[in-house]
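This report refers to the structure that appears directly beneath it.
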Amino acid sequence: MANGLTYARKTDSTESTKQLAETLAPYLHPGDVVVLSGDLGAGKTQFVQGVAAGLGVSAQVTSPTFNILLEYHDGRIPLYHFDLYRLDDADELENTGYYDVIDADGVSFIEWGEKFPGALPYGYLEVRILVTPEGGRRIIAHALGNRARQLLTVWANDSKARLSKTTANAGGFILPGGAPMTTGSIPPIRVEDASVSAGETASDTDGDAGRASRDA
């Protein structure tokens, strides 16, 4: 099948990455799933920390690498934070409560979810965090499914408006189409090219990934 929307933005510090993530929080609904990919140390947990701040979570958000799942219930909606790095087989997901949680009453953020593409829901938002040569971060978000496209569209528009005068200010834009990032087939994106943002579009196409559960 064809693929959904891709949004790219560049941040130049840990705080600006958290600020960008925080702008996503107001638009998250119960049942939303966000898959976080990127090298070790790229900032996946920092991104979740920003979202948690936006949801009003008061607890300290830490990496769930050794716990697999950490839960936060004191925000606007429950936040479930998975780290699948230490798992070797998709069958191990059953023991973590993974399938029940991602269909539950909160939003699920899944680090290293690309290890088990068959266990991902049909619709989700993938956020890929790349380290730039300058030490900043390139944030590339890809939406698969109707709900994820809606989420990405409102988040992209809001983050550009709210962060236009902050350190997370480098040329965010939406690209139509693009392949799911877990395939490694997204072409290089020049987030610094401001001319691209003038032609912002939204594609009404769908992604094809993972198990056929609900398309929230």
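FYI, side chains are in, hydrogens and waters are out, and symmetry mates aren't considered; it's all heavy atoms of this structure.
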[X] side-chain N/O to [Y] backbone N/O, donor-acceptor pair under 3.5 Å:
X      : Y      : value
Asp32  : His29  : yes
Tyr98  : Ala119 : yes
Arg128 : His142 : no
Lys44  : Ile129 : no
Arg137 : Ala42  : yes

Hey, any chance [X] and [Y] share a hydrophobic cluster, counting ILVMFWY side chains that come within less than 4.5 Å of each other, even indirectly?
X      : Y      : value
Val154 : Leu125 : yes
Tyr72  : Phe66  : no
Tyr99  : Val35  : yes

Inset, instruction - Determine, step by step, whether Asp88 and Glu92 satisfy the side-chain contact (heavy atoms from CB on, under 4.5 Å) criterion, reporting the C-alpha distance in whole Å, the side-chain angles of both residues, the deciding distance to 0.1 Å, and the verdict. - result: CA-CA 8 Å; Asp88 297 318; Glu92 298 176 88; 3.8 Å; yes

Once you round to the nearest 0.5 Å, how far does [atom1] of [X] lie from [atom2] of [Y]?
X      : Y      : atom1 : atom2 : result
Thr23  : Asn157 : OG1   : CG    : 11.0 Å
Asp158 : Thr153 : CG    : OG1   : 12.5 Å
Glu94  : Asp100 : CD    : CG    : 8.0 Å
Leu20  : Arg9   : CG    : CZ    : 6.5 Å
Leu79  : Gln49  : CG    : CD    : 11.0 Å
Asp89  : Lys115 : CG    : NZ    : 10.0 Å

Inset, instruction - Please determine, by modelled atom types, if Tyr80 and Asp105 share a side-chain donor-acceptor pair under 3.5 angstrom. - result: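 On atom types as modelled, these side chains qualify, holding a pair under 3.5 Å.
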
Inset, instruction - Using only heavy-atom distances, determine whether the side chains of Glu15 and Ser13 contain a donor-acceptor pair under 3.5 Å. - result: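 Side-chain D/A pair, Glu15 to Ser13: absent.
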
Between [X] and [Y], is any pair of side-chain heavy atoms under 4.5 Å apart?
X      : Y      : answer
Asn146 : Arg149 : yes
Pro78  : Glu71  : no
Thr96  : Leu69  : no
Thr45  : Glu111 : yes
Ile110 : Tyr124 : no

Legend entry - Leu93/Leu84 under side-chain contact (heavy atoms from CB on, under 4.5 Å): CA gap, chis, key distance, verdict: CA-CA 9 Å; Leu93 293 171; Leu84 308 185; 3.9 Å; yes

Inset, instruction - Identify the residue among Trp112, Phe82, Phe109 that makes a side chain to side chain contact (heavy atoms under 4.5 Å, CB included) with Leu36. - result: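 Between Leu36 and the candidates, side chain to side chain contact (heavy atoms under 4.5 Å, CB included) is satisfied uniquely by Phe109.
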
Inset, instruction - Would you indicate whether Asp39, at its atom CG, is surrounded by more than 12 heavy atoms from other residues, nucleotides or ligands within a distance under 6.0 Å? - result: no

Please name the pair of heavy atoms, one in [X] and one in [Y], separated by the smallest distance, quoted to 0.1 Å.
X      : Y      : answer
Gln46  : Lys18  : O-CG, 3.5 Å
Ala141 : Trp155 : CB-CZ3, 3.7 Å
Leu28  : Ile77  : O-CD1, 3.7 Å
Tyr27  : Arg76  : N-NH2, 4.4 Å

Result block: side-chain N/O donor-acceptor pairs under 3.5 angstrom for residues 50-65, not counting sequence neighbours:
from  : atom 1 : to    : atom 2 : distance (Å)
Ser58 : OG     : Asp74 : OD2    : 2.4
Ser63 : OG     : Thr65 : N      : 3.4
Ser63 : OG     : Thr65 : OG1    : 2.7
Thr65 : OG1    : Asp83 : OD2    : 2.9

Legend entry - Set of residues satisfying ring-ring contact (aromatic ring centres under 6.0 Å, His included) with respect to Phe47, sequence neighbours excluded: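 If we apply the ring-ring contact (aromatic ring centres under 6.0 Å, His included) test to Phe47, skipping adjacent residues, there are no hits.
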
Inset, instruction - Run the numbers on Asn95 and Ile68 for side-chain contact (heavy atoms from CB on, under 4.5 Å), then give the verdict. - result: CA-CA 10 Å; Asn95 298 327; Ile68 308 300; over 6 Å; no

